[in-house]
Amino acid sequence: MVEIRRRSLIAGIAALGAGACSKIADSEAGRSVFKAAEGWHRAAHRALAGRQGLAPEYAPEDRSPGFKGNGSITVDSDFYRQELASGFPAWRLTVGGLVEQPLSLGLADIRALPQRSQITRHDCVEGWSAIGEWTGPQLATLLDEAKVREEAKFILFRCADTLYGRPYYESIDMVEAYHPQTIIAHALNGEPLPEKNGAPLRARIERQLGYKHAKYLTGIEAVASLDDIGAGKGGFWEDFAGYQWYAGI
Ligand SMILES: Nc1nc2c(c(=O)[nH]1)N[C@H]1C(S)=C(S)[C@@H](COP(=O)(O)O)O[C@H]1N2
Ligand SMILES: [Mo]
């Protein structure tokens with residue numbers, strides 16, 4: 001397992017380099033400046049924070065009294081409403097794509113894994129922040145269980161909701177996927193996730209902006225490329241409004 005994780009990290013770093021170069025290579029003059037700047041920002045952030053740099057964690061008394069819901073604040077389906085009303089007995093989170101051992105996990109399975117709790121600040125590009133305590137297994141635990149294959153370069157999050165008629169989705173590189181603070185949260189401030197905050201499961205990607213933290217999770221996929229997913233930019237807001245894929249704070 002340790003060996004797989006180490007190889008995945010190396011694959012992730014290689015992907016970062018390859019991604020930045022091909023982006024610069026195939027873009028037009030004007031766009032290439034922007035892309036180069038994005039690549040530079042990413043590289044600078046990595047250098048400053050270090051690959052294992054931790055997002056700041058806070059004390060229980062720092063938690064915000066309420067945690068705003070933003071973007072989708074529910075899922076518009078009968079299945080979701082039934083599940084919400086009954087504690088999500090039939091909700092499944094699948095882990096698939098480029099893995100040796102695909103998984104399908106219920107909420108009880110997720111809660112039975114080793115847990116991590118962290119009190120962090122969520123920063124939304126719309127200009128608000130909130131501090132909350134999130135609990136759940138590290139994504140690394142799920143990926144080790146599923147045995148991610150070497151060809152995988154990114155981890156994709158599939159969500160149950162749509163926003164402006166399109167499925168919400170997000171993706172991260174392997175460095176972020178195996179980061180200790182990257183967790184699949186089922187609880188906020190010691191209670192099951194509220195509906196507005198992504199019940200029953202959402203990703204926490206603590207070193208990046210709010211839009212990376214996919215809510216209403218249904219699937220996690222290991223993929224080699226993001227080109228054929230959505231409009232190919234790696235996430236809902238990246239496709240829809242040109243937000244940066246690497247959203248380091
Ligand atoms: N599935 C899904 N995840 C999502 C969104 C969404 O609309 N749908 N919005 C994103 C944005 S922009 C932010 S700031 C956070 C908001 O999380 P919160 O509702 O817990 O505040 O979720 C992110 N994850
Ligand atoms: Mo956001």
Side-chain angles (χ1 to χ4, degrees), residues 4-5 7-28 31-32 34-43 45-46 51 71-72 93-100 102 125 139-140 142-143 146-179 182 184 201-249:
I4 288 165
R5 180 182 302 202
R7 280 190 276 123
S8 301
L9 281 172
I10 291 166
I13 292 159
L16 278 177
C21 295
S22 63
K23 269 182 186 164
I24 293 165
D26 60 30
S27 59
E28 290 144 21
R31 273 174 51 223
S32 75
F34 173 77
K35 291 293 179 191
E38 182 183 347
W40 178 85
H41 173 257
R42 189 189 303 162
H45 184 271
R46 292 273 185 237
R51 211 172 67 193
S72 294
L93 176 69
T94 58
V95 184
L98 297 171
V99 300
E100 306 287 351
V125 282
L139 177 57
L142 303 186
L143 298 180
K147 301 193 174 68
V148 174
R149 284 161 46 183
E150 250 180 277
E151 314 90 87
K153 305 258 185 294
F154 306 99
I155 295 297
L156 180 71
F157 298 109
R158 302 274 192 192
C159 306
D161 62 311
T162 57
L163 196 57
Y164 310 125
R166 304 184 191 188
Y168 200 94
Y169 78 101
E170 259 302 340
S171 63
I172 55 177
D173 62 45
M174 289 298 176
V175 174
E176 216 66 26
Y178 282 92
H179 186 273
T182 297
I184 302 304
L201 295 169
R202 66 105 46 91
R204 294 299 309 168
I205 316 292
E206 303 294 359
R207 302 185 301 178
Q208 298 196 42
L209 290 168
Y211 61 87
K212 300 299 290 187
H213 305 227
K215 305 194 284 187
Y216 312 110
L217 280 182
T218 56
I220 293 173
E221 275 171 53
V223 297
S225 161
L226 300 169
D227 293 350
D228 296 331
I229 300 144
K233 297 279 174 23
F236 175 91
W237 283 109
E238 292 87 331
D239 287 343
F240 192 79
Y243 287 8
Q244 290 194 355
W245 176 76
Y246 185 77
I249 295 170

Are the aromatic rings of F240 and Y164 close, with centres under 6.0 Å apart? yes
Side-chain heavy-atom pair E170, I155 within 4.5 angstrom cut-off: no
Is the shortest distance from a Lys or Arg side-chain nitrogen in K212 or E206 to a carboxylate oxygen in the other one below 4.0 Å? no
Assert yes or no for the condition that the ring centre distance of W237 to Y169 is strictly below 6.0 Å. no
L98 to V223 - nearest heavy-atom pair and separation: CD1-C, 3.8 Å
Any side-chain heavy-atom pair from T218 and F157 closer than 4.5 angstrom? no
Where is the tightest heavy-atom contact between L226 and G234, given as atom of each residue plus distance? CD1-CA, 4.0 Å
Going by heavy atoms in the side chains, are L143 and V99 under 4.5 Å from each other? no
Assess the residue pair E238 and Q244 against the criterion (side chain to side chain contact (heavy atoms under 4.5 Å, CB included)); give the C-alpha distance rounded to whole Å, side-chain angles, the decisive distance to 0.1 Å, and a yes or no. CA-CA 6 Å; E238 292 87 331; Q244 290 194 355; over 6 Å; no
With heavy-atom distances below 4.5 Å as the criterion, would you say the side chains of E176 and I205 are in contact? yes
Closest heavy-atom pair, V148 versus A222, reported as atoms and distance to 0.1 Å, is CG1-CB, 4.1 Å
Does S72 offer a backbone N or O that forms a donor-acceptor pair with the side chain of K215 under 3.5 Å? yes
Are the aromatic ring centres of F236 and Y168 under 6.0 angstrom apart? yes
Please tell me if the side chains of I184 and L93 come closer than 4.5 Å, counting only heavy atoms from C-beta onward. yes
In short, R202 meets L217 closest at the heavy-atom pair C-CD1, 3.9 Å
